[in-house]
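Heads up, the thing below is written out as structure tokens.
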Amino acid sequence: MKQYQKEINKRRTFGIISHPDAGKTTLTEKLLLFGGAIQEAGAVKSNKIKKGATSDFMEIERQRGISVATSVLAFEYRDIKINILDTPGHKDFAEDTFRTLTAVDSVIVVIDVAKGVEEQTEKLVEVCRMRNIPMIVFINKLDREGKDAFELLDEIEQKLNLTVTPLSFPIGMGYDFKGIYNIWEKNVNLFTGDPRKDIEETVEISDLNSEELDDLIGEKAADTLREELELAQGVYPEFDREAYLEGRLQPVFFGSALNNFGVRELLDCFISIAPPPRPKESDTRVVKPDEKEFTGFVFKIHANMDPKHRDRLAFIKIVSGKFERNKNYLHVRNNKNMKFSSPNAFFAEKKEVVDVSYPGDIVGLHDTGNFKIGDTLTEGENLMYKGIPSFSPEHFRYINNADPMKSKQLEKGVDQLMDEGVAQLFVLELNGRKIIGTVGALQFEVIQYRLEHEYGAKCTYENLNVHKATWVEPEDPKSEEFQDFKRVKAKFLAKDKSGQLVFLADSQFSLQMTQQKYPSIKFHFTSEF
Ligand code: G4P
């Protein structure tokens, strides 16, 4: 096999998604420990917004510092190069997570054994399901009392609309937690509650009926396990890798991240079944990772970590070919050639300048304002990657300039923050007033704070009654119906940043009435249609 193909095949780029507090940070940290990427627990900083912090948006600033370091955590394990992409759990930053999900090849979903499927898990899994992203489920905190395994598996199937098959099974739980039976490898791992215990210490059980199992976990627990496994076998489909890769079947593991228990089982299975970099759809064709020519896209921008320098880091996922330092690439949207003298690659907690990167890898490019989210780089081919839609925001406010001397700064700041994907800007057709739309209310504070501290501009907000922003697509832009719509609804029409027409409905009712009155016009809830 050619070296290049080997490099592609050894990469696994994935994200861990969960509702806050389910154990994403803890699991990430344990995975890094296996890779030898970090030496001690506590080394990975949580990216979540801690409750009771001085102020929410100050906390966000602190988090921004951390999240540069945790954006990509890369390590090697058993000759596989693993790239974990960070996904914020806080719901106000859900859009960030959605965008990151366009750059992963698979995900691990963490669920709290006691809380079961929570709100944020539902939303994120839905996005993965829509994109057929392969998912593995990890049910965490088995050292605590929680729901019964079958009940949880049912809940996952129903609430998340998945088809599951357990690849490990818990023996007891909480106070009675004895360990897990690894269905995938056919062995038993006993729980001692000591996270430093030799992690390879498992007992092979090739025959579940052997007395060895009774000796190991006691007769009663052994009988229960036998019954439960038999039941599971009858109820759940057998694991099928094709079905998993196509997003039709989701294997489930049980464990306790905090106790580093059940994590090795998860990781070993992950590296053998999770997909290497996958082909990606562009506006002209599907691009395969093993194509010779480089292509990649920006899925995240980090700006102004040091307010004294206008530094921005654009994160590119490499889809095909090799990305090389100092080589000329085409920035497709700007139709401009660019080369990069110091592309960063990410390792567990540091970044380094690299000469060559491969499909599946993420490189960080220093940027002076050329990139926005969704931009594509190629070796000359005119193609753009799809799949980074804007969602209709939940909150809307007018943004006003509070310092007339600083209007340039305000404009630039707003422009750059929008490129970064912090929020969306809409400009009213009628009078040119600017409206900021966000997914969470926290973003307004973030924008105000960052405009002041990074751009020296001051803004105020004014409330505005908008229920939803919908992207407008007329069947025929010249039709009488569309002209009438534009006349009647002129007050509610705006352009988004890319110039697309948007209808700002002030209520669910008025949206419905409008849809009924103008049947030849489509109203979309995301910008990608
Ligand atoms: P998140 O990134 O998904 O938000 O969750 P995180 O890993 O921060 O874990 C949330 C809380 O759950 C933490 O406790 C963590 O220690 C705990 N936790 C994670 N895995 C397990 C597990 O397997 N068993 C048990 N019992 N607890 C677990 P915390 O008190 O909020 O934080 P900390 O002060 O312990 O860091």
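Just so it is clear, the structure is predicted and the values come from calculations on it, not from any experiment. As the structure lists them, so they are numbered: ligands from 1, and atoms in each ligand from 1.
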Under 3.5 Å between any N/O of [X] and any N/O of ligand 1: does that happen in this structure?
{"X": "Thr26", "result": "yes"}
{"X": "Leu27", "result": "no"}
{"X": "Leu142", "result": "no"}

Looking at Arg226 and Asp223, does any basic side-chain N land under 4.0 Å from a carboxylate oxygen? yes
Between Asp105 and Lys317, does any NZ, NE, NH1 or NH2 come within less than 4.0 Å of an OD or OE carboxylate oxygen? yes
Side chain or backbone of Asp21 under 4.0 Å from ligand 1, or both, or neither, by non-hydrogen atoms? both
In terms of its nearest heavy atom to atom 26 (N) of ligand 1, the top option of Asp143, Ile139, Ile16, Thr87 is Asp143
Ring-face cation contact, Tyr358 with Lys81, 6.0 Å cut, 45° max: no
Would Arg12 count as a cation-pi partner of Phe270, with NZ or CZ less than 6.0 Å from the six-membered ring centre and within 45° of the ring normal? no
What do the steps show when you test Asp112 against Asn140 for side chain to side chain contact (heavy atoms under 4.5 Å, CB included), and what is the final call? CA-CA 5 Å; Asp112 183 318; Asn140 190 27; 6.0 Å; no
For [X], atoms of ligand 1 separated by under 4.0 Å from a heavy atom:
{"X": "Lys24", "result": "1 (P), 2 (O), 3 (O), 5 (O), 7 (O)"}
{"X": "Arg144", "result": "25 (C), 26 (N), 27 (N)"}
{"X": "Ser18", "result": "3 (O)"}
{"X": "Ala257", "result": "23 (O)"}
{"X": "Pro20", "result": "4 (O)"}
{"X": "Ser256", "result": "22 (C), 23 (O), 24 (N)"}

Atom pair OG/CZ of Ser106 and Arg278 - distance to nearest 0.5 Å: 8.0 Å
Pair Thr295, Tyr385: side-chain N/O donor-acceptor within cut-off below 3.5 Å: yes
Test log, rule salt bridge (charged side-chain N to carboxylate O under 4.0 Å, His left out), inputs Glu420 and Arg312: CA-CA 9 Å; Glu420 235 184 274; Arg312 311 216 302 178; 5.0 Å; no
